[in-house]
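One structure is given below, encoded as structure tokens.
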Amino acid sequence: GKWNKVRIVVDNEGNKTAKNVKLKLAGKKMKFKKKTIKVGTIKAGKSKAVTVQVKLSGKKTRTLKAKATASGKWTATAKTKVGYRPKPKKVKSLAGRSYWASTTGSGSQAIWQVHGLTFVNNKWVYVGVPKSGTPKCSKKVKECKRYSYSAKKGTLKIGKLRAKVNSEGIKVTKPAKKSDPKVMYTPLKGLKKGSKISAKLEYIDGSGPCPPSCRSWWDNLTLKKNGTFTRNPGSISTFGFIPYQTFVSTSGPVKKGTYKILSKNRIRFTWKDAETGKTKKETRTIGIDQNELGKHNPKYGLLIGDDPYLP
């Protein structure tokens with residue numbers, strides 16, 4: 001195998017300067033150019049980044065263990081997975097594929113600004129995140145745009161937008177508008193009808209400048225293989241200026257019920273309303289996110305509607 005660079009950040013979370021800091025590396029079936037790296041002095045509340053070189057034996061993902069030591073017998077340990085990401089390949093066709101990207105909102109906008117591309121067929125792409133599964137496209141649908149794609153060159157055209165495409169995703173080289181960001185869309189994987197999921201994820205978001213007012217909200221989601229789910233939402237809002245600020249927090253109501261994976265990349269939640277006792281249903285688009293090694297699995301993240309639920 002080849003030598004690969006791994007960046008490790010050593011934080012000093014204490015209230016004293018850490019002297020003679022060293023980083024010791026270990027891991028099964030892993031080779032290191034240096035097993036011990038001298039980091040030096042790290043002031044309280046500060047950090048230092050170290051780049052180490054690792055060589056893996058075989059193609060399996062390995063566990064890298066790092067131990068930081070400092071004068072005075074101070075120690076800290078951490079571990080992370082290290083593996084190979086597949087080499088980028090050409091994509092024969094975009095039809096039936098979905099991608100997502102995100103930017104950061106400002107002002108009263110939500111922090112998560114999610115962008116989506118759903119290639120309905122060889123002619124039409126839905127720009128944005130569809131509310132309920134793979135949409136039908138025509139000239140009458142505002143979000144639907146015609147596109148052209150060259151698999152040989154790996155180039156994509158959607159109106160004035162230009163992008164490069166491979167198995168890693170879609171990299172915008174020329175946005176449709178000059179004010180639009182050059183985002184990198186990464187692939188989402190669909191779910192087969194009737195699939196079952198095991199995952200514990202959380203969606204966290206916020207909006208507004210503080211002061212004078214801002215709000216943050218979250219939704220803890222648990223999906224089980226037996227087809228049940230739990231969603232535990234909450235929020236906190238802040239109003240006014242210091243020292244006359246007002247804080248308002250909410251919790252729940254907790255939603256417990258069943259979920260069902262439908263056709264066309266949809267998930268349907270069914271639960272009983274805590275106040276009225278009536279049965280409620282909600283159907284949203286769903287896609288599976290990937291990890292740093294390019295592997296898709298619900299435990300690495302789900303895009304439900306335009307809400308990213310992450311580990």
Side-chain angles (χ1 to χ4, degrees), residues 98 100 102 104-116 118 126 128-135 143 188 190-241 244-289 298-311:
S98 295
W100 83 294
S102 68
T104 303
S106 59
S108 61
Q109 292 180 321
I111 294 172
W112 279 104
Q113 293 293 303
V114 173
H115 313 273
T118 301
Y126 185 97
V129 181
K131 292 182 179 180
S132 182
T134 305
E143 292 84 1
L188 290 167
L191 282 156
K192 291 182 179 179
K193 182 181 178 181
S195 296
K196 293 293 187 290
I197 302 170
S198 177
K200 285 187 177 182
L201 306 167
E202 186 176 33
Y203 163 55
I204 304 174
D205 213 337
S207 66
C210 264
S213 64
C214 59
R215 179 174 177 262
S216 60
W217 61 93
W218 56 88
D219 186 20
N220 294 299
L221 171 65
T222 300
L223 295 165
K224 294 185 177 180
K225 285 281 188 180
N226 62 3
T228 62
F229 80 90
T230 303
R231 290 174 66 178
N232 189 359
S235 70
I236 184 167
S237 301
T238 306
F239 306 95
F241 294 86
Y244 306 106
Q245 286 180 309
T246 301
F247 300 91
V248 179
S249 62
T250 65
S251 180
V254 177
K255 297 177 183 176
K256 291 184 178 182
T258 59
Y259 72 88
K260 191 174 183 180
I261 303 299
L262 308 175
S263 61
K264 298 181 180 180
N265 297 316
R266 296 172 296 160
I267 184 170
R268 177 174 293 163
F269 296 102
T270 304
W271 73 96
K272 279 193 175 183
D273 187 272
E275 293 182 1
T276 64
K278 293 182 179 180
T279 299
K280 287 194 172 184
K281 293 182 179 182
E282 180 185 20
T283 303
R284 304 183 75 185
T285 307
I286 187 171
I288 303 174
D289 199 13
K299 68 181 180 181
Y300 302 139
L302 292 168
L303 186 66
I304 301 178
D306 57 0
D307 298 335
Y309 286 80
L310 304 172

Pairs satisfying salt bridge (Lys or Arg N to Asp or Glu O under 4.0 Å), at least one member in residues 264-273, at least two apart: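 Non-adjacent pairs meeting salt bridge (Lys or Arg N to Asp or Glu O under 4.0 Å): Asp273-Lys280.
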
How close do [X] and [Y] get, heavy atom to heavy atom, and via which atoms?
| X | Y | value |
| --- | --- | --- |
| Ala110 | Asp205 | CB-OD2, 3.7 Å |
| Thr118 | Pro130 | OG1-CD, 3.9 Å |
| Phe269 | Leu221 | CE2-CD1, 4.4 Å |
| Ser132 | Thr283 | OG-CG2, 3.5 Å |
| Asn226 | Lys196 | C-CE, 4.4 Å |
| Pro311 | Tyr300 | CD-O, 3.4 Å |

Rounded to the nearest 0.5 Å, what separates atom [atom1] in [X] from atom [atom2] in [Y]?
| X | Y | atom1 | atom2 | answer |
| --- | --- | --- | --- | --- |
| Ile204 | Trp218 | CD1 | CH2 | 9.0 Å |
| Arg215 | Thr238 | CZ | OG1 | 11.0 Å |
| Ile111 | Ser207 | CD1 | OG | 7.5 Å |
| Arg231 | Glu202 | CZ | CD | 13.0 Å |
| Trp100 | Asp306 | CH2 | CG | 10.5 Å |
| Arg284 | Ile267 | CZ | CD1 | 10.0 Å |

Verdict with reasoning, Leu302 to Leu223, per side chain to side chain contact (heavy atoms under 4.5 Å, CB included): CA-CA 11 Å; Leu302 292 168; Leu223 295 165; 3.7 Å; yes

Test item: Tyr126 and Ser98 side chains (from C-beta on) under 4.5 Å apart, heavy atoms: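 No, side chains not in contact.
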
Side chain to side chain contact (heavy atoms under 4.5 Å, CB included) evaluation trace for Leu303 with Asp289: CA-CA 7 Å; Leu303 186 66; Asp289 199 13; over 6 Å; no

Contact list for residues 249-281, test disulfide (SG to SG under 2.5 Å), sequence neighbours left out: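 Sorted result for residues 249-281: empty, none.
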
Main-chain N/O of Ile197 paired to Tyr259 side chain as donor or acceptor, under 3.5 Å: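 At least one qualifying donor-acceptor pair exists.
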
Side-chain H-bond candidate by donor/acceptor type, Asp219 with Tyr309, under 3.5 Å: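 Yes, side-chain donor-acceptor contact under 3.5 Å.
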
Throw together a table of side-chain donor-acceptor distances under 3.5 angstrom for residues 247-258, partners on residues two or more places apart or in other chains.
from, atom 1, to, atom 2, distance (Å)
Thr250, OG1, Ser235, N, 3.4
Thr250, OG1, Ser235, OG, 2.5

